[in-house]
Amino acid sequence: MVLDDAGDLTAHLSISGARQYVEAIDVEDGVYEAFDATGRRLRVYVDGEVVRIVPAIDAEPDEGELRRRLISFFERLSRTRPEWGVAGEPSLQHLVDRLLTLQA
């Protein structure tokens, strides 16, 4: 899954990993937007003292939106159009994998 904090993206292998990464006060302030690896929006909220991350109601995968955010993130990092290492435009999975590799 991917968390977007005002354009700063982080990828997490699991919801539990993402829950450990975020701070409840930031979640309450609406800092994060979240997506699964297919681009489906996830709802991030605080339940008591526990951060919850669940699929947003009626959320359909929006691969284009998540791809746009990932490409924008990588362009800001490289300050130019990055080399993707693949022919044509990179797939969503390639971009998510690249984010995971960057964080490793």
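This chain uses plain numbering: 1 for the first residue, then up along the sequence. Side chains are part of it too, since the values below use all heavy atoms of this structure and drop only hydrogens, waters and symmetry mates.
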Check: H12/T10 side-chain N/O donor and acceptor closer than 3.5 Å:
yes

A59 backbone acceptor or donor facing R40 side chain under 3.5 Å
yes

Just checking, any donor-acceptor pair under 3.5 angstrom between side chains of R76 and S72?
yes

Rounded distance (nearest 0.5 Å) linking atom CZ of R19 with atom CE of M1
11.0 Å

Under a 4.5 Å cut-off applied to non-hydrogen side-chain atoms, are L70 and L66 in contact?
yes

Exercise: identify the closest heavy-atom pair between I53 and A18
CD1-CB, 3.8 Å

Do L9 and L3 come within less than 4.5 Å of each other through their side chains, counting heavy atoms only?
no

Okay, side chain of D5, backbone of D8: is any donor-acceptor separation there less than 3.5 Å?
no

Counting distance only, does the side-chain N/O of D29 pair as donor-acceptor with the main-chain N or O of V31 below 3.5 Å?
no

Under a single-linkage definition using a 4.5 Å side-chain heavy-atom cutoff for Ile, Leu, Val, Met, Phe, Trp and Tyr, are L102 and L92 assigned to the same hydrophobic cluster?
yes

Approximate separation, where rounding is to 0.5 Å, of Q93 CD and T38 OG1
10.0 Å

Could you see if L100 belongs to whatever hydrophobic cluster contains I15? Use Ile, Leu, Val, Met, Phe, Trp, Tyr and a side-chain cutoff under 4.5 Å.
no

Are the side chains of V54 and L42 in touch, meaning some heavy atoms are under 4.5 Å apart?
no

For Y45, does the OH atom sit with more than 12 other heavy atoms under 6.0 Å from it, leaving out its own atoms?
yes

Once rounded to the nearest 0.5 Å, what's the spacing between atom NE2 of H94 and atom CG of L99?
11.5 Å

Can you sort out the partners of V46 under side chain to side chain contact (heavy atoms under 4.5 Å, CB included), two or more places apart, ordered by chain and number?
A24, V27, E28, V51

Hey, does the Lys NZ or Arg CZ of R98 hover above the aromatic six-ring of F74, less than 6.0 Å from the centre and inside 45° of the axis?
yes

Check Y32 against E23 and note the closest heavy-atom contact, atom names and distance.
OH-N, 4.4 Å

Where do A34 and V44 come nearest, in terms of heavy atoms and distance?
CB-CG2, 3.5 Å

Examine L77 and V2 and state if one hydrophobic cluster contains both, with Ile, Leu, Val, Met, Phe, Trp and Tyr joined whenever side-chain heavy atoms are less than 4.5 Å apart.
yes

Using side-chain heavy atoms (C-beta onward) and a distance below 4.5 Å, is R41 in contact with E65?
yes

So R69 and E33, salt bridge (charged side-chain N to carboxylate O under 4.0 Å, His left out) or not? Walk me through it.
CA-CA 11 Å; R69 290 176 190 230; E33 291 183 79; 3.1 Å; yes

